[in-house]
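Down below is the structure, laid out as structure tokens.
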There are 2 protein chains.
Amino acid sequence: MTTIYDVAARAGVSPATVSRVFNGGNVSPEKARAVRRAAEKLAYTPNRAARALRRQTSDVIALVVTDIENPFFTAMARGVEEVALAAGFSVVLCNSDGDLAREARYFDIAIAEHMAGVVLVPAEPATDVGRLVEHARPVVTVDRGLPLAPVDSVVADDLTGGRQGTGALYDKGFTRVGCITGPRGAETAEKRSGGWREVFAQRSPGSDPREYVVHADYRVNGGRRAMADLLALNEPPDAVFVANNLMAVGALEALHQHGLRPPGFGMAVVGDVPYAPLALTGMDVVPLPARLIGATAAQVLLERIRGDSQPVRTIVLRHELPELENGAAAGS
Amino acid sequence: MTTIYDVAARAGVSPATVSRVFNGGNVSPEKARAVRRAAEKLAYTPNRAARALRRQTSDVIALVVTDIENPFFTAMARGVEEVALAAGFSVVLCNSDGDLAREARYFDIAIAEHMAGVVLVPAEPATDVGRLVEHARPVVTVDRGLPLAPVDSVVADDLTGGRQGTGALYDKGFTRVGCITGPRGAETAEKRSGGWREVFAQRSPGSDPREYVVHADYRVNGGRRAMADLLALNEPPDAVFVANNLMAVGALEALHQHGLRPPGFGMAVVGDVPYAPLALTGMDVVPLPARLIGATAAQVLLERIRGDSQPVRTIVLRHELPELENGAAAGS
DNA sequence: TTGTAGGCGTTATCAC
DNA sequence: GTGATAACGCCTACAA
């Protein structure tokens, strides 16, 4: 391990001078050059553990997601990266897998490694960011909020998304649009199905919404089972609104088994299903601005890291893709 | 920030004793209990920066991939996680995006944060792990090797995969199987197309292989263009072997535009195309054992971290899914 | 502009 | 078994 002392010795200066060269202090050009040359020769890398210990903060931010295999979250990660890297921060991705214990463990790491902040997809509404907050680590949640915690969040306009997706199907002439949504209590699931319910009540007034909505787990298999359930109804729907990308894949499979497929059987889904363009033929997609959500969250986080102390806010992004600049904000 | 001193004071012992409680030293049961209670009450988390500084190592391992949005790599990440978490390590995912500079930056972080080791998908054959090696950080490459570097690697049997995929198409009765492979010089691309070439030469003896293989960039758009090129030949192929999942998606799109699709037009692909089950109808998949590759790499890395100093080795995994235990090893 | 020195929170080496 | 104490490598007053 070559240290600041080695560099100092080789450059004929004091360790303090070396430190100043790397942190922008006042150093004469000649000495600065000598230091840089020495550092180069010795392949010196500042020891971040020491630096973090001393400075009580690092330039790494953590992105904690609930499912690293969900393309929505990886797309979001790209957005976070773009902004963070441009600002000189590095991003590390942590997979909580929706598990509170694993999530908490990553929080501990973030604290103990003095990470600068956390962009978080909460594993559950019960997610506890108290430790993070106590340690003054900025947190921004994405995709869903944490209403009880004093942290910013960036979410999509899920209610409108639900309305749009459902409305599009009715507008195409389908007469009874079912709904496959996420777990009870999950914010995005409630909002998206809420949008569906409004439209359903209006367009299928004779039917009971409770019969035509089924909750699943936001995963492929859940979507398959849910679709099968809908098809087994006495009066099955002729179209379905699906609240996330993975469940849509499962639903397609289930339809397929019954010899059905879009566009004959209507389907609208919230969020892109990447890498499945053909499967999407005939499907309506309410695009989730995944990258934008990530980028916006990173921007907010960076502001907080830099000391911004505005009141906590929730930023709601439209499903249409606006320019990064307009990120419309709604009070919370 | 609550420190070991705070805990010590509250428990009425010395800081050294507190440290011993957390690191398995000899401490009397009563004092140990007192320490634990105090730590609990104070919500004490060991400061990892300090610990890493002192111990010169941490229990975090980095997984550096070239494309965080490629499901193959995220599936691999799951394998790495499973093994690492079970051994008490945490995993952070870093996205090099195939860029040498970004990759190098993450190496620096790994070194400077004293991470225990790195599982790496090399951005290029030119990837330089010298710094990592100098600093005695174990490295295991996955998916592709780094022949010039003294590091272990875990790869799939790509040559066989190429043969299998291609052979399956001929066996189905197709008569001229084209090939869409990855960038020139990329190990997996060369091997997979090498397997194709063998079979092609044998089964389509009249045709020039050079006409029927096209190199692309392992991405969706590249696959689309490549497929279009193949279809534009004077004597276009009636089937295609595609060297990775993303390009297969692009190829499907291109076929679609020409009114073609599997199984009418033959297609075999190396690696699953998750979330696209319907699009796969009629495709042959040579499954890449993504998770297993990750898990095996993590195991090897852990051994190295624990001081194993066996000669460097390359582990080649079959495309069939063997039990984790048999991870067949081939000398390197 | 430059150098000296103290401390960030831990762990490990000593004595006791 | 337990407690001082000296590093680990860096940054930043403070002095010069």
Side-chain angles (χ1 to χ4, degrees), chain A residues 1-36 38-39 42-60 108-116 134-137, chain B residues 1-36 38-39 42-60 108-116 134-137:
Chain A
M1 191 84 216
T2 118
T3 79
I4 210 173
Y5 283 86
D6 304 324
V7 178
R10 194 176 221 276
V13 300
S14 79
T17 301
V18 177
S19 174
R20 286 187 194 108
V21 169
F22 286 102
N23 297 289
N26 270 341
V27 180
S28 72
E30 313 90 70
K31 300 217 170 189
R33 226 175 312 117
V35 167
R36 280 186 210 292
L42 299 174
Y44 167 73
T45 312
N47 182 320
R48 298 172 92 102
R51 176 178 279 178
L53 178 57
R54 173 63 227 236
R55 292 217 271 217
Q56 304 282 42
T57 180
S58 80
D59 56 2
V60 174
D108 279 346
I109 292 183
I111 292 169
E113 302 254 21
H114 298 283
M115 290 189 189
E134 284 164 22
H135 287 86
R137 303 277 163 234
Chain B
M1 190 87 219
T2 118
T3 80
I4 209 172
Y5 282 85
D6 304 324
V7 178
R10 194 175 221 276
V13 300
S14 79
T17 299
V18 177
S19 174
R20 280 193 272 262
V21 169
F22 287 102
N23 297 287
N26 270 342
V27 180
S28 72
E30 313 90 69
K31 299 215 170 185
R33 224 174 315 117
V35 167
R36 281 187 210 291
L42 299 174
Y44 167 74
T45 312
N47 182 320
R48 298 172 92 99
R51 174 179 281 179
L53 177 59
R54 172 65 225 223
R55 291 217 273 214
Q56 305 281 43
T57 181
S58 79
D59 56 2
V60 175
D108 280 347
I109 292 182
I111 292 169
E113 302 254 21
H114 298 282
M115 290 188 189
E134 285 165 22
H135 287 86
R137 303 275 165 239

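Every chain is numbered from 1, with letters handed out A, B, ... down the list of sequences.
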(request) Could you state the atom-to-atom distance from CZ of A:R51 to P of C:dG9 in whole Å? (result) 18 Å
(request) Write down the distance between CZ (B:R20) and P (C:dT11), rounded to a whole number of angstrom. (result) 11 Å
(message) If the threshold is 4.0 Å, N to carboxylate O, is there a salt bridge linking A:D59 and A:R48?
(response) yes
(request) Looking at every strand, decide which applies to A:T2 at a 4.0 Å heavy-atom threshold: base, sugar-phosphate, or nothing. (result) nothing
(message) Using a 4.0 Å heavy-atom cut-off, does A:T17 contact any base of the nucleic acid, only the sugar-phosphate backbone, or nothing at all?
(response) sugar-phosphate
(message) On DNA chain D, compare the nucleotides closest to B:S14 and B:A50; which residue's is nearer the 5' end?
(response) B:S14
(request) Could you tell me whether the side chain of B:D6 and the main chain of B:T3 form a donor-acceptor pair under 3.5 Å? (result) yes
(request) Determine the contact category for A:F22: base if any of its heavy atoms lies under 4.0 Å from a base atom, sugar-phosphate if only primed atoms, P, OP1 or OP2 are that close, otherwise nothing. (result) nothing
(message) Taking 4.0 Å as the cut-off, does a side-chain nitrogen or oxygen of B:T3 come that near to OP1 or OP2 on C:dC8?
(response) no
(message) Quick check on the 6.0 Å ring-centre criterion: do B:Y44 and B:Y5 meet it?
(response) no
(request) Nearest whole angstrom, please: distance from the C1' of D:dC8 to the CG of A:D6. (result) 13 Å
(request) Considering just the side-chain nitrogens and oxygens of B:Y5, establish if one lies under 4.0 Å of OP1 or OP2 belonging to C:dG7. (result) no
(request) Using a 4.5 Å cut-off on heavy atoms from C-beta on, say whether the side chain of A:R137 contacts that of A:H114. (result) yes
(request) Let me know the distance between NZ of A:K31 and P of C:dG3, rounded to the nearest Å. (result) 5 Å
(request) For D:dG9, take OP1 and OP2 only and decide whether either is under 4.0 Å from a side-chain N or O of B:Q56. (result) yes
(request) Quickly work out the B:E113 CD to D:dC10 P distance and round it to whole Å. (result) 13 Å
(message) Quick check: on DNA chain D, is the nucleotide nearest B:G12 upstream (toward 5') of the one nearest B:L53, or the reverse? Name the residue that is more 5'.
(response) B:G12
(request) May I ask you to verify whether the side chain of B:R54 and the base of D:dG9 hold a donor-acceptor pair under 3.5 Å? (result) no
(message) Counting the atoms with a prime plus P, OP1 and OP2 as sugar-phosphate, which does A:P46 contact under 4.0 Å by heavy atoms, base, sugar-phosphate, or nothing?
(response) sugar-phosphate
(request) Would you mind reading off the distance between B:N23 atom CG and C:dT10 atom P, rounded to a whole angstrom? (result) 10 Å
(message) What is the separation between atom CG on B:N26 and atom P on C:dA15, rounded to the nearest whole Å?
(response) 19 Å
(message) Could you measure the distance from the OG1 atom of A:T2 to the CG atom of A:N47? Nearest 0.5 Å is fine.
(response) 10.0 Å
(request) Measure from NE2 on A:H114 to P on D:dC11 and round the result to the nearest Å. (result) 14 Å
